[in-house]
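Each chain gets a letter, A, B and so on, in the order its sequence line appears, and its residues count up from 1.
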Number of protein chains: 2
Amino acid sequence: MVEDHPLVKEGIMAILADEADINCAGHFYNGTDLLYRLKSFQPDVILMDLDLPDMTGLDLCRKVKNLYPAVCVVALSINNQAGIIKKMMENGASGYVLKDAAQHEITEAIRTVVKGKQYFSRSASLYLRKADTSQLPPLTRREKQVLEKIADGLTNPQIAELLFVDVSTVNSHRKNMLAKFGVQNTAALIKLAIKENLI
Amino acid sequence: MVEDHPLVKEGIMAILADEADINCAGHFYNGTDLLYRLKSFQPDVILMDLDLPDMTGLDLCRKVKNLYPAVCVVALSINNQAGIIKKMMENGASGYVLKDAAQHEITEAIRTVVKGKQYFSRSASLYLRKADTSQLPPLTRREKQVLEKIADGLTNPQIAELLFVDVSTVNSHRKNMLAKFGVQNTAALIKLAIKENLI
DNA sequence: AAAAAATTCCCCCTTTTGGTGGAAATGTAT
DNA sequence: ATACATTTCCACCAAAAGGGGGAATTTTTT
């Protein structure tokens, strides 16, 4: 287990202690410690928090799966963004359990992924389904750049200077984003972008 | 204890189980259940999550303290907004423990508040200090109303119509907020407002 | 009751944004 | 190679936002 919140760590420990067929091989407060330990011993499953002090769960998961493909990773997160869930699965995770999960969901997740199957906690799959129906149009690289500058309070002329392009170009990107998201103005665009974790 | 996340609940239970002088009198998944139980029995301390399914921690804390002033409330939250911490204390809470707290901080909090003192976990007091130095100017009621409408993508004329005031009035509020927060335009205002949990 | 703050409205003027409708030049994937 | 998407730019024009200043009225606080 990699989990930097002692409260959650203790909770999972307590839940797992009751299970005869599940044994906790070790606990780490950050990704570096885990990677070091994996050199000498690979567990069947790694429960991995996504908000670690030294690296993102995305990076840690990729690293672990590259070095030891046989190890199953179950992501553990308070983050319910469908985008993050999808990215974790692309990075090789086998399961995703939100921290509001019920006790049995943790043990269910472990037992499911060691069989080679995927597991999502109830609330995680809810979010995935919702994201499927109401997915947002993707932003291009350039649009994302412009969006960040807009959010920082820069005007089109200022952004144009920064990116070495014409004002009309920046304005095009801005207008394209408004159209993509179906919002009326920059204020609504920024709100949506932040709420959807785009910036 | 009032806590709707089973993982955290189990963690706290496990931590408290090791302490001879602390005894968990009961656990509830929502505020209503707690209030019902308090009619027949009042514990010394209530550990209270702020993100409950049926009511906000702010409301629950106020209700509990109004009905049973002798009970000490310790807020338990992933939320590190200084504003929320201050509001909880104003509503009668005795302590504030963030969910990234170390094990001993939970027990320390409980032992401290029963003595009538206040307790803040390390990270909570860090945030309080930071908020003291870099505090944001407060928004008035009207400004907050206008700000929400702006964030929803409404223009000054539209907001004016909604609030039955002149466009110039709405514009004044908008300009005042820009000046208060020292930002250049609406985009930066919205970003700041969301990041600071004002909307 | 007096002082302070909030809400309301006004002026003038410049800059920025947003709407419509293009089009050419790169990349990128099939 | 050939579609497709992205990035770049153009014109025109209306609407909205923002900067400067001022001022009257109502609420709230002291």
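With the end axes of the helix from dA1(C)-dT30(D) to dT30(C)-dA1(D) each set by five pairs, the angle from one to the other reads 80° at 10° resolution.
Listed by chain and number, the residues in a salt bridge (charged side-chain N to carboxylate O under 4.0 Å, His left out) with Glu19(B) are Arg111(B) (sequence neighbours excluded). Every residue was checked against the side-chain hydrogen bond (donor to acceptor under 3.5 Å, both in side chains) condition with Glu105(A), not counting sequence neighbours, and none meets it. Under the salt bridge (charged side-chain N to carboxylate O under 4.0 Å, His left out) criterion, Asp4(B) pairs with no residue at all, not counting sequence neighbours. Scanning for salt bridge (charged side-chain N to carboxylate O under 4.0 Å, His left out) contacts around Asp44(A) gives an empty result, with sequence neighbours left out. For Asp59(B), the salt bridge (charged side-chain N to carboxylate O under 4.0 Å, His left out) partners are Arg62(B), not counting sequence neighbours.
Side-chain atoms of Tyr68(A) and Lys39(A), non-hydrogen and from C-beta on, do get closer than 4.5 Å to each other.
Taking atom CZ of Arg142(B) as the reference point, atom P of dT28(D) lies 13 Å away to the nearest angstrom. To the nearest angstrom, P of dT8(D) lies 11 Å from CD of Glu143(A). Atom CD1 in Ile150(A) sits roughly 15 Å away from atom P in dA17(D) (whole-Å rounding). The interatomic distance linking Asn176(B) (CG) with dA17(D) (C1') rounds to 14 Å, in whole Å. For Ile159(B) and dA16(D), the CD1 to P distance is 11 Å, given to the nearest whole Å. Protein atom CG of Leu163(A) is 10 Å distant from nucleotide atom P of dC9(D), rounded to whole Å. If you measure from atom CG of Asp166(B) to atom C1' of dT7(C), you get 12 Å, rounded to the nearest angstrom. One atom, CD1 of Ile190(A), and another, P of dA17(D), lie 15 Å apart when rounded to the nearest Å.
Residue pairs meeting the side chain to side chain donor-acceptor pair (under 3.5 Å) criterion with at least one partner in residues 180-191 of chain A, sequence neighbours excluded, are Glu143(A)-Lys180(A), Arg174(A)-Thr186(A), Lys191(A)-Asp152(B). Residues in residues 16-59 of chain B take part in these ring-ring contact (aromatic ring centres under 6.0 Å, His included) pairs, two or more places apart or across chains: His27(B)-Tyr29(B).
As judged by a 4.0 angstrom heavy-atom cut-off over every strand, Thr140(B) is placed among residues touching the sugar-phosphate backbone only.
Using a 4.0 Å cut-off between charged side-chain N and carboxylate O, Asp49(A) and Lys99(A) make a salt bridge.
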For a quick check, with a 4.0 angstrom heavy-atom cut-off, what is the B/S/- contact string for nucleotides 17-30 of chain C, read 5' to 3'? SBBB-------S--
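The shortest distance between the side-chain N/O atoms of His173(B) and the OP1/OP2 oxygens of dC9(C) is not below 4.0 Å. One finds no side-chain N or O of Thr169(B) lying less than 4.0 angstrom from the OP1 or OP2 phosphate oxygen of dT7(C).
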